[in-house]
Amino acid sequence: MIRAAYTCSDKQLATSFFARSTVTVARDLLGRRLVRCHGDGRMTEGMITETEAYDGFEDRASHAHRGMTRRNAVMFGPPGVIYLYLCYGVHWLLNITTREEGYPTAVLIRGMEGVSGPGRLTKHLELSGEENTLPLGRTAGLWVAAGNPVPEASVARSARVGVDYAGPEWSRMPWRFQVSGGGGAG
DNA sequence: TGCGCGATTCTC
DNA sequence: AGAATCGCGCAT
């Protein structure tokens, strides 16, 4: 039997990485490797290719824009924490909290290498409500590996998906980040 | 306690 | 274009 070994993805991003501006973190996560370590030793990992920022009370697209509730409480907590919620009663969506405690923010992980769509991503990584509220790390079996972001030329910005209900100002906010074809091998 | 809706995805 | 599917958030 082959025992899973931690290799280059062993070193994870420090909590301080997530303690910055939500939009900055969303952009800076592109190109980083998302690592999932299952209980039975299997590991799944891949480069993050798409993210979205949800920032503060004023952002009407954010779960937190009307204040703290049971569901979104984790967004008000410390940075680097996993926020998983059930969308449409069908799909789990993965977020990572950012900024300081008390200010509600999170980055939605929408896509990774070989996987498009936030609902398919959690299914691929075998994530569900169990990991909700856990800090990124070995205990959760999920973390972002230290590495390099993609170059600026490889970043595409656009409006967030599926948030028309937030009104024109907030639904048009260019807080969606994707790895585009440009920028060379980096 | 009840009701409408959603940070999506799959099928027709 | 419409269904799946259920917890959340707000109104009663």
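The analysis underlying the following values was restricted to heavy atoms, covering all of them including side chains, and did not include hydrogens, waters or symmetry mates.
Counting any heavy atom pair closer than 4.0 Å across all strands shown, A:V90 reaches a base atom. When heavy atoms are screened at a 4.0 angstrom cut-off, A:R71 is found touching the sugar-phosphate backbone but no base atom. Backbone-only engagement by A:G119 is indicated by non-hydrogen atom pairs under 4.0 Å involving sugar-phosphate atoms exclusively.
Here the P atom of nucleotide B:dT8 and the NE2 atom of A:H124 are 19 Å apart, to the nearest Å. The CZ-C1' distance, from A:R66 to B:dC5, rounds to 13 Å in whole Å. As rounded to whole Å, 10 Å separates atom C1' of B:dA7 from atom CE of A:M75. Atom pair A:D164:CG and B:dT8:P shows a separation of 11 Å (rounding to whole Å applied). As a whole-Å value, the separation of A:H65 NE2 from B:dC5 C1' is 13 Å. Rounding to whole angstrom units, NE2 of residue A:H91 and C1' of B:dG6 are separated by 11 Å. Taking atom CG on A:N72 and atom C1' on C:dG7, their separation rounds to 13 Å, with Å as the unit. For the pair A:E50 CD and B:dT8 P, the computed distance is 10 Å after rounding to whole Å.
Stacking is not found between A:Y88 and the pyrimidine-like six-membered ring of the C:dA4 base under the 5.5 Å centre-distance and 30° plane-angle cut-offs.
For A:T105 (side chain) and A:T98 (main-chain N/O), a donor-acceptor pair under 3.5 Å exists by modelled atom type. Judged by distance alone, with hydrogens and angles left aside, the side-chain atoms of A:R120 form no donor-acceptor pair with the main-chain N or O of A:G117 at under 3.5 Å.
A salt bridge links A:E45 to A:R33: one of the charged nitrogens lies within less than 4.0 Å of a carboxylate oxygen.
Atom name P, nucleotides C:dT5 and B:dG2: the rounded distance is 22 Å, in whole Å.
Under the Watson-Crick and G-U wobble criteria, each requiring two contacts below 3.5 Å, nucleotide B:dT1 is paired to C:dA11. In this structure, C:dT5 forms no base pair with any nucleotide, since neither Watson-Crick nor G-U wobble geometry is met with both distances under 3.5 Å.
Under the 4.5 Å side-chain heavy-atom criterion for grouping Ile, Leu, Val, Met, Phe, Trp and Tyr, A:L127 is connected to A:F18 within one hydrophobic cluster.
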Full working for side chain to side chain contact (heavy atoms under 4.5 Å, CB included) between A:W170 and A:Y54: CA-CA 10 Å; A:W170 292 101; A:Y54 288 85; over 6 Å; no

